[in-house]
Structures are given as C-alpha cells and as structure tokens.
Amino acid sequence: ISENNRSVLLNDTRMITVLENGLGVGKTIKDIDIRNISGATVISIERNKSMIVSPRGEEILEEGDHLLVLGNTEQLRKAELLINGEEENS
C-alpha cells in the first residue's frame with residue numbers, strides 16, 4: 001500500500017449534527033469552505049429522513065442536518081468547529 005493510500009485508510013467518519021445556533025446554519029458548504037480549511041470532506045447529508053449523497057458546494061446547511069464527514073481526527077475536529085463553532089458533547 002502506498003503512503004497516500006495508507007493515509008486514506010487511516011481516515012474516519014463522524015456524524016456532525018448542525019446545531020440550532022451553529023455557525024453553518026443558512027450557509028453553503030462552499031461558504032464554510034470545509035474541505036479547504038479543515039481538510040475533511042462532507043460525503044452525505046441526512047435531512048428530513050432523506051439522504052443527499054456527495055452534496056455539492058452550493059448545498060445550504062439547515063439546523064438539524066446530519067452531515068457524514070470523512071477525515072482524520074484533527075480534520076474532523078476542525079470541520080465540527082466550522083459547522084457549529086463548538087464541538088458537540090458526544
């Protein structure tokens with residue numbers, strides 16, 4: 001396994017819920033710039049019992065959205081801070 005592939009295998013996923021007063025409410029994935037700032041990738045959004053797979057940057061985040069995010073521990077922590085301004089108490 002190449003070093004690049006090995007780092008992909010070490011990534012994890014986290015479900016991040018957009019909180020009522022979260023920084024991301026009403027903003028697009030592109031506005032928050034999750035990928036460039038945190039290095040994490042939003043791979044799906046669960047909203048109102050439906051699933052948006054591979055959401056586009058223009059997707060507007062809503063309170064209660066559940067984002068499935070891929071990245072390493074630090075990338076996931078940064079993504080959660082960008083989305084909510086704080087880490088959820090898990």
Side-chain angles (χ1 to χ4, degrees):
I1 298 176
S2 71
E3 187 63 34
N4 194 26
N5 288 339
R6 186 173 296 124
S7 67
V8 170
L9 292 174
L10 296 176
N11 284 337
D12 200 359
T13 58
R14 179 182 298 175
M15 187 68 73
I16 300 173
T17 301
V18 180
L19 301 176
E20 179 180 359
N21 296 316
L23 297 176
V25 174
K27 295 182 181 173
T28 66
I29 294 172
K30 185 177 179 180
D31 288 340
I32 300 172
D33 206 11
I34 294 170
R35 176 77 174 128
N36 288 324
I37 295 174
S38 72
T41 302
V42 178
I43 55 178
S44 68
I45 299 173
E46 182 183 344
R47 176 182 298 149
N48 300 322
K49 299 182 181 177
S50 65
M51 187 70 70
I52 302 166
V53 178
S54 297
R56 300 176 52 87
E58 295 78 20
E59 191 66 48
I60 298 172
L61 300 181
E62 300 177 6
E63 174 190 340
D65 282 353
H66 302 288
L67 283 62
L68 185 59
V69 183
L70 173 70
N72 64 33
T73 302
E74 182 61 15
Q75 290 169 332
L76 293 170
R77 186 189 70 77
K78 288 179 182 177
E80 191 154 14
L81 291 173
L82 288 169
I83 294 164
N84 285 317
E86 61 185 42
E87 294 185 62
E88 292 182 79
N89 297 326
S90 315

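Heavy atoms only: backbone and side chains are in, while hydrogens, waters and symmetry mates are out. All figures in this text were calculated on a predicted structure; none of them were measured in a lab.
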Only counting residues at least two apart or in another chain, list the ones meeting salt bridge (Lys or Arg N to Asp or Glu O under 4.0 Å) with E63.
none

With sequence neighbours left out, write down each residue that passes side-chain hydrogen bond (donor to acceptor under 3.5 Å, both in side chains) with E59, or none if nothing qualifies.
R47

Pair V69, T41 - check side chain to side chain contact (heavy atoms under 4.5 Å, CB included), show working.
CA-CA 5 Å; V69 183; T41 302; 6.0 Å; no

Using modelled atom types only, decide if a donor and an acceptor are shared between the side chain of D12 and the backbone of G71 within a distance under 3.5 Å.
no

How many angstroms lie between atom CD of E58 and atom CD1 of I29, to the nearest 0.5 angstrom?
9.0 Å

Which residues share a side-chain hydrogen bond (donor to acceptor under 3.5 Å, both in side chains) with E46, sequence neighbours left out:
none

To the nearest 0.5 Å, what is the distance between CZ (R77) and CG (N72)?
10.5 Å

Applying side-chain contact (heavy atoms from CB on, under 4.5 Å), name anything that partners L82, two or more places apart in sequence or on another chain.
I32, I37, S38

About how many Å separate CG of L76 and CG of L81, when rounded to the nearest 0.5 Å?
11.0 Å

Working to the nearest 0.5 angstrom, can you tell me the gap between I83 CD1 and L19 CG?
9.5 Å

As a quick check of understanding, evaluate side chain to side chain contact (heavy atoms under 4.5 Å, CB included) for M15 and L68, giving each step before the final call.
CA-CA 5 Å; M15 187 68 73; L68 185 59; 4.3 Å; yes

Residues in side-chain hydrogen bond (donor to acceptor under 3.5 Å, both in side chains) with N36, at least two apart?
D33

What is the distance from atom OG1 of T13 to atom CD1 of I43, rounded to the nearest 0.5 Å?
6.0 Å

Within the 4.5 Å heavy-atom criterion, are L23 and N84 side-chain neighbours or not?
no

To the nearest 0.5 Å, atom CD1 of I34 lies from atom CG of L67 at 6.0 Å

My understanding is that only residues two or more places apart in sequence, or in another chain, count here; which of them pass side-chain hydrogen bond (donor to acceptor under 3.5 Å, both in side chains) with T28?
D31

Taken in chain and number order and not counting sequence neighbours, the residues that satisfy salt bridge (Lys or Arg N to Asp or Glu O under 4.0 Å) with E20 are none

Cluster link I16 to I60, ILVMFWY, side chain under 4.5 Å:
no

Could you work out the complete set of other residues in the hydrophobic cluster of M51, with links drawn between I, L, V, M, F, W and Y side chains under 4.5 Å apart?
V53

